[in-house]
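In what follows, a structure is listed as structure tokens, so that the remarks can point back to it.
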Amino acid sequence: MWVMEMVSKKVVTFDELMQEVSTYIKKEENLNLIKEAYAYAEKNHEGQFRKSGEPYIIHAIQVAHILTMLKTGPKTIAAGLLHDVVEDCDVTFEDVSTLFGEEVASLVESVTKIGALKFKDEKEYLASNHRKIFIAMAKDVRVILIKLSDRLHNMRTLQYMSAEKQKKIASETLEVYAPIAHRLGISDIKNELEDLSFQYLEKDKYYEIARLVEVRKAERDAQVQHMIQDISALLTSHYISYRMFGRSKHLYSIYKKMKTKNKRFEEILDLLAIRIVTNSDTACYEILGYIHAKYRPIPGRFKDYIAMPKVNMYQSLHTTIVAEDGNIFEVQIRTEAMDAVAEQGIAAHWRYKESTNGEKIQQKEIEEQLHWFKDFSVMSDEVNDDAMEYMNLLQKDIFEANVYVMTPKGKVIALPNGATPIDFAYRIHTEIGHHTVGATINGVLMPLNTKLKTGDVVNIRTSNQSPGPSEDWLKVVKSAHARNKIRSFFQKQETERKASDVKKGEELLEEELKRRSLDVTVYMDQKRLEQVAKELSFTSHTDLLYALGVKQVSLISVIERLVKHKTTIPLDNDELVKMYNRVERRKKPSKTGIVVEGIDSMKISLAVCCSPVPGDEIVGYISKGNGVKVHRKDCPNIAHEHHRLIEVSWDEEIQQKTYEVKLVINSTDRNFLLSDIVTVVSQCKAGLQHVESTVESDKLTTVTKMTVIVENAEHLQSLIANLRKINSVRTVERVIQ
């Protein structure tokens with residue numbers, strides 16, 4: 001049965017390989033390069049055998065033969081013969097470079113598995129391997145041709161592996177190598193890789209579909225032949241040059257349609273298929289016209305890939321028609337050149353040219369044709385060293401890209417299903433994405449969340465006054481590329497904002513040190529700041545300065561800690577030594593823990609409006625009949641009362657242990673929000689005096705007012721920081737009444 005032929009391909013000898021090579025490579029020096037590569041590989045693989053029991057060199061010959069069938073150049077074929085010598089033999093990159101040149105050595109090195117580095121699991125190891133290959137491919141497409149040829153022969157001999165290894169390799173082939181062969185347009189290799197993977201992953205389904213195809217083969221062949229005769233008579237009567245033949249759909253393609261479209265075998269429309277190959281683009285459209293005039297086309301099934309080629313350079317007209325006997329046929333119409341590209345993809349464009357720089361010329365031509373594979377390198381830069389994220393990006397944005405839309409100038413952009421104009425804008429250029437304010441689709445102004453369809457012409461409207469992307473775009477975009485660019489924008493903004501706040505905190509600290517006549521160079525020393533940061537539970541002195549800048553920590557508490565480390569005081573600084581050696585008069589604290597210089601008997605209380613806690617910067621307000629009211633320095637209620645303010649400070653031996661603080665939390669409304677807020681308060685070991693939550697009139701925003709019990713400013717800031725981490729929480733603010 002034909003379905004078994006794929007695993008029993010004829011083993012080619014080196015002499016047969018050279019016969020094939022000599023049909024298009026003529027120069028003696030190039031033929032000698034291949035012969036020398038074979039001799040070197042044979043010598044170094046001597047004594048090595050594959051699981052099948054065959055000498056290892058046979059694998060190298062078969063890989064080179066597949067490359068020859070793709071009409072690649074002598075350096076690529078030589079690299080195919082040598083592709084395992086660095087990995088499996090006692091051979092270095094330098095050895096290969098010395099004997100065969102840096103270009104061949106680079107190709108061999110690019111397809112060699114990464115060394116024995118440490119990875120947390122096999123998935124990460126495989127992802128790192130794939131990333132290495134695809135980045136190399138972005139620089140030289142020959143790398144992936146060698147890797148595809150290597151994988152194809154491994155799949156043809158997979159029956160010698162254990163069942164577990166078979167499934168693992170077949171799964172990797174189906175997820176990574178078949179999609180890339182598809183994107184390169186090499187359908188011969190793509191179809192064989194898919195069917196072989198299908199055979200090992202879903203053996204029962206594979207043979208079931210193979211049996212159904214075989215059972216209907218005679219009937220189907222008769223129907224196709226009858227249709228070919230009818231169309232032949234039609235085209236001959238109009239004096240059109242053509243060749244026509246029936247086309248068998250490969251098994252995995254049938255299975256995939258049955259699965260994704262939830263259809264039975266009998267319902268797959270293009271199971272009966274005819275291909276017509278003619279000599280010009282004009283003839284393709286002329287043939288289409290005659291066929292549609294005679295047979296009824298099925299609406300929605302016509303695709304013009306000649307006017308708008310796929311990104312893998314595939315071109316053809318597709319239509320589905322109903323024959324006079326009621327049978328449904330898919331008809332593909334294309335030129336000879338288009339047919340070659342459809343079967344062999346880039347290989348059809350990339351026929352080796354016998355010249356001094358033949359392969360380099362080919363590489364440049366392919367780069368111009370397949371501009372999209374540069375994304376392999378760009379995406380690598382986006383995710384830094386995360387190989388798993390890199391493979392997820394490729395899977396989503398390249399392997400699964402099947403919506404083809406155009407720029408106003410006709411450039412085709414491939415995007416994943418459900419992609420929007422925002423995805424399109426970021427694929428064109430990051431800055432265009434950031435400054436997008438609108439989009440027209442086929443000349444009509446449309447919302448930015450509109451789902452694009454194949455054939456749409458998209459024009460992006462931008463504005464330099466645009467503040468940048470909206471966080472809501474993250475819910476709209478479908479491509480990982482656009483999502484990463486949007487996230488990077490906000491991360492950059494956050495980094496810049498933090499740098500500004502760090503600078504602000506630094507300036508505040510310097511000003512306060514100067515106000516107290518303290519030496520800035522001494523107290524702003526990084527080691528001293530790191531020590532204070534550690535005491536206040538910050539990871540670095542930068543985080544401490546940031547906290548000062550955003551008022552998450554009291555400036556006074558930082559100053560007090562800076563000056564109390566006597567062991568770090570330079571002994572030659574007379575003023576500092578004097579400061580630490582003086583005997584201070586003991587101040588009597590109140591129950592609130594507030595010290596008022598020179599006052600022992602006056603009533604002291606904490607202001608309710610701003611609820612200060614130990615660690616806050618504070619000031620005393622002399623009220624009429626109520627003693628000293630202690631406010632936070634930033635309390636607006638005392639902003640214009642300078643004549644009644646006095647200096648106060650927190651006492652180190654505070655008697656009062658807990659303080660009430662009022663907070664307001666603004667959030668996006670969702671289920672269990674209040675429960676999450678209460679849980680965080682409990683986890684932070686804060687008390688909860690009162691809480692009320694209301695949904696605003698817009699039905700989207702929730703405002704939660706609460707009174708919490710904390711020990712000091714550090715405790716409060718820790719609580720606020722954790723509340724801000726709750727999903728959907730926008731802001732958390734202290735209340736000043």
Side-chain angles (χ1 to χ4, degrees), residues 183 285 297 299-315 317-319 371-372 374-375 378-379 382 393 396-494 668-669 696-701 728 730:
R183 286 305 302 268
Y285 289 102
R301 295 277 295 176
F302 171 67
K303 294 184 179 71
D304 187 347
Y305 293 121
I306 293 179
M308 196 176 78
K310 292 185 179 182
V311 288
N312 61 10
M313 300 182 291
Y314 176 89
Q315 287 182 288
L317 297 177
H318 289 196
T319 187
H371 54 84
W372 57 266
K374 291 180 181 175
D375 289 346
V378 173
M379 287 180 177
E382 290 177 11
L393 261 176
K396 185 76 176 173
D397 290 3
I398 293 184
F399 297 164
E400 295 179 9
N402 54 10
V403 173
Y404 304 98
V405 296
M406 289 190 293
T407 67
K409 291 184 178 180
K411 181 181 176 182
V412 178
I413 304 295
L415 295 167
N417 270 333
T420 66
I422 302 172
D423 294 285
F424 176 88
Y426 277 101
R427 184 52 60 88
I428 298 298
H429 195 278
T430 301
E431 288 305 311
I432 290 176
H434 286 344
H435 294 95
T436 293
V437 293
T440 58
I441 303 173
N442 304 321
V444 180
L445 187 63
M446 299 292 284
L448 288 176
N449 62 353
T450 304
K451 290 184 179 179
L452 299 175
K453 305 184 299 298
T454 293
D456 284 342
V457 178
V458 184
N459 190 17
I460 299 297
R461 299 171 61 197
T462 61
S463 170
N464 289 331
Q465 278 70 51
S466 167
S470 161
E471 288 194 57
D472 290 337
W473 288 8
L474 290 169
K475 302 171 187 174
V476 172
V477 294
K478 292 297 178 183
S479 64
H481 173 78
R483 189 172 292 109
N484 280 0
K485 291 296 184 184
I486 295 167
R487 284 175 178 161
S488 294
F489 176 87
F490 289 118
Q491 286 169 359
K492 184 181 178 184
Q493 274 196 333
E494 183 60 31
T668 304
D669 188 39
E696 297 289 88
S697 57
D698 61 6
K699 302 263 178 91
L700 297 174
T701 305
S728 82
R730 294 174 184 162

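- Within 6.0 Å of atom NZ in K451, 12 or fewer heavy atoms from other residues, nucleotides or ligands are found, so the atom counts as exposed in its surroundings.
- Closest heavy-atom contact between T701 and R730: OG1-NH1, 3.3 Å.
- Proximity of a side-chain donor or acceptor of N449 to a complementary backbone N or O of V476 within less than 3.5 Å is not detected.
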Please report the C-alpha distance between I428 and T407 in whole Å, then the side-chain angles of each, then the deciding distance to 0.1 Å, and finally whether the side chain to side chain contact (heavy atoms under 4.5 Å, CB included) criterion is met. CA-CA 9 Å; I428 298 298; T407 67; 3.7 Å; yes

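- A donor-acceptor distance shorter than 3.5 angstrom exists from the side chain of R483 to the backbone of V477, with no hydrogens or angles considered.
- The shortest non-hydrogen separation linking V457 to P408 is CG1-CA, 4.0 Å.
- Atoms CG and CG, from N459 and N442 in turn, are 11.0 Å apart once rounded to the nearest 0.5 Å.
- Across all non-hydrogen atoms, the minimal contact from L448 to P421 is O-CD, 3.3 Å.
- Separation of atoms CD (E494) and CZ (R487) is listed at 15.5 Å; rounding is to 0.5 Å.
- One distance of note links NZ of K303 with CE of M308; it measures 10.5 Å at 0.5 Å rounding.
- Heavy-atom minimum distance, Q315 versus I306: NE2-O, 3.1 Å.
- Minimum heavy-atom separation, R427 to L415: CB-CD2, 4.3 Å.
- Every residue meeting the side-chain hydrogen bond (donor to acceptor under 3.5 Å, both in side chains) condition with D304, not counting sequence neighbours, appears here in chain and number order: Y285.
- When all heavy atoms of F489 and P467 are compared, the closest pair comes out as CZ-O, 3.6 Å.
- With W473 as reference, I486 is the one residue of D423, I486, T420 to meet the side-chain contact (heavy atoms from CB on, under 4.5 Å) rule.
- Between E431 atom CD and N464 atom CG the span is 9.5 Å, to the nearest 0.5 Å.
- A donor-acceptor contact shorter than 3.5 Å is absent between the side chain of T462 and the backbone of I432.
- Distance CG/L474 to CG/D472: 8.5 Å, rounded to 0.5 Å.
- Side chains of Y426 and T436 form no contact here, defined as non-hydrogen atoms less than 4.5 Å apart.
- A heavy-atom distance below 4.5 Å is found between the side chains of R461 and L445.
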